[in-house]
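To keep things clear, I will list the structure first and then write my remarks on it.
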Amino acid sequence: AKARKHMEEGERALAQGRNGDAASNFQLAMTLDPRNTKAKALFTKSRTAHRNGKAEEFYRRAQEALISEDHKRAAQLLQEAVDCKPTRGKYYSEFAKLINEHTLQQRVALEHMKKAVEVEPRSVEYTMELAAAYVDLGMPTNAVRAYERVLRLDPKNSVATKVLKRLK
């Protein structure tokens, strides 16, 4: 009965867009009834939506900080966005760009670029950024693989074609 009550509260919260509350209720329903596969699926869905919503808010605030040229604050906010473990590559990509432009931590930036490609593997933009980072870091073998991946995603990409010819 308690599990059913938490399922109902979770579904109400989900319908109202309160993803954090929904996730909490579905998690309690799963704990009380471990066989409830619907609770597990809805928990995953609401938790992901909650994380993405938090990440989007941090990202929006980071963009405001960038407009006012407060790079330190923007970096903090973008770090918060990626800490939410979002499923969109733009947070990782923007953080990587900021790190690359304003610090000497190119390897850290590279890891965030890799993560952007990992969460959005079909993104030509993020794969191009990753390939360029490999070139900048003197990693031609990795750059070649990344540009080849770009060409699998976008066979007519002239930039990737040109750079790939130069690297080979």
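Here the structure is a predicted model, which means the values were calculated and not measured.
- To the nearest 0.5 Å, atoms CD (Glu129) and CE (Met113) are separated by 6.0 Å.
- The side-chain heavy atoms of Leu110 and Met139, taken from C-beta on, include a pair separated by under 4.5 Å.
- Annotation for Tyr91: hydrophobic cluster partners, listed by chain and number, are Tyr59, Leu66, Leu78, Val82, Tyr92, Phe95, Leu98, Ile99, Val108, Val119 (ILVMFWY side-chain heavy atoms under 4.5 Å, direct or chained).
- A 4.5 Å side-chain heavy-atom check between His112 and Glu94 finds every atom pair outside the cut-off.
- Residues Lys168 and Glu148 are in side-chain contact: their nearest non-hydrogen atoms beyond the backbone lie under 4.5 Å apart.
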_Candidate pair Asp70 and Lys72, rule side chain to side chain contact (heavy atoms under 4.5 Å, CB included), full reasoning_ = CA-CA 6 Å; Asp70 185 352; Lys72 184 177 179 182; 4.1 Å; yes
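- Of all the heavy atoms in Tyr126 and Ala116, the pair that sits closest is CD1-O, 3.9 Å.
- Within 6.0 Å of NZ on Lys54 lie no more than 12 heavy atoms contributed by other residues, nucleotides or ligands.
- Residues Lys90 and Glu56 form a side-chain contact, since some pair of their non-hydrogen atoms from C-beta on lies under 4.5 Å apart.
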Report all side-chain donor-acceptor pairs from residues 14-29 shorter than 3.5 Å, counting only partners two or more places apart or in another chain.
unit_1: Gln16; atom_1: OE1; unit_2: Arg18; atom_2: NE; d: 2.8
unit_1: Gln16; atom_1: OE1; unit_2: Arg18; atom_2: NH2; d: 2.8
unit_1: Arg18; atom_1: NH1; unit_2: Asp21; atom_2: OD2; d: 2.7
unit_1: Ser24; atom_1: OG; unit_2: Gly20; atom_2: O; d: 3.2
unit_1: Asn25; atom_1: OD1; unit_2: His6; atom_2: ND1; d: 3.0
unit_1: Asn25; atom_1: ND2; unit_2: Asp21; atom_2: O; d: 3.1

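- From Lys165, atom NZ reaches atom CG of Leu167 across 13.0 Å, with rounding to the nearest 0.5 Å.
- Scanning both residues, Ala3 and Asp33, for their nearest heavy atoms gives CB-CB, 3.9 Å.
- For the pair Lys40 and Phe43, the minimum side-chain heavy-atom distance is 4.5 Å or more.
- The shortest non-hydrogen separation linking Glu120 to Gly89 is OE2-N, 2.6 Å.
- Of the inter-residue distances, the one linking Arg152 atom CZ with Arg122 atom CZ reads 10.5 Å to the nearest 0.5 angstrom.
- Interatomic distance, Asn36 CG to Arg4 CZ, rounded to the nearest 0.5 Å: 10.5 Å.
- Contact record, Leu77 with Ala65: CD1-CB, 4.5 Å, taken as the closest heavy-atom pair.
- Distance check, rounded to the nearest 0.5 Å: CD of Gln106 to CG of Leu137 gives 5.0 Å.
- In this structure the side chain of Lys115 never reaches within 4.5 angstrom of the side chain of Ser93, judged on heavy atoms.
- Linking ILVMFWY side-chain heavy atoms closer than 4.5 Å, directly or via other members, places Tyr134 and Leu164 in two distinct hydrophobic clusters.
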*Checking side chain to side chain contact (heavy atoms under 4.5 Å, CB included) for the pair Lys38/Glu11: CA distance, chi angles, key distance, verdict?*
CA-CA 11 Å; Lys38 184 178 178 183; Glu11 288 172 342; 2.9 Å; yes
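- Residues Ala160 and Met128 share a closest heavy-atom pair of CB-SD, 4.1 Å.
- Between Gln79 and Asp83, the side chains place a donor N or O and an acceptor N or O closer than 3.5 Å (distance only, hydrogens not considered).
- With hydrophobic clusters built from ILVMFWY side chains whose heavy atoms lie under 4.5 angstrom apart, Val124 shares a cluster with Val163.
- Rounding to the nearest 0.5 Å gives a distance of 11.0 Å between OG of Ser123 and CG of Asp154.
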_Intermediate values then yes/no, salt bridge (Lys or Arg N to Asp or Glu O under 4.0 Å), Arg107 and Glu111_ = CA-CA 6 Å; Arg107 296 284 180 173; Glu111 292 305 313; over 6 Å; no
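- Nearest approach of Pro86 to Ala81, heavy atoms of both residues: CD-O, 3.3 Å.
- Note on Val159 and Leu153: same hydrophobic cluster, where clusters join Ile, Leu, Val, Met, Phe, Trp and Tyr whose side-chain heavy atoms are under 4.5 Å apart, directly or indirectly.
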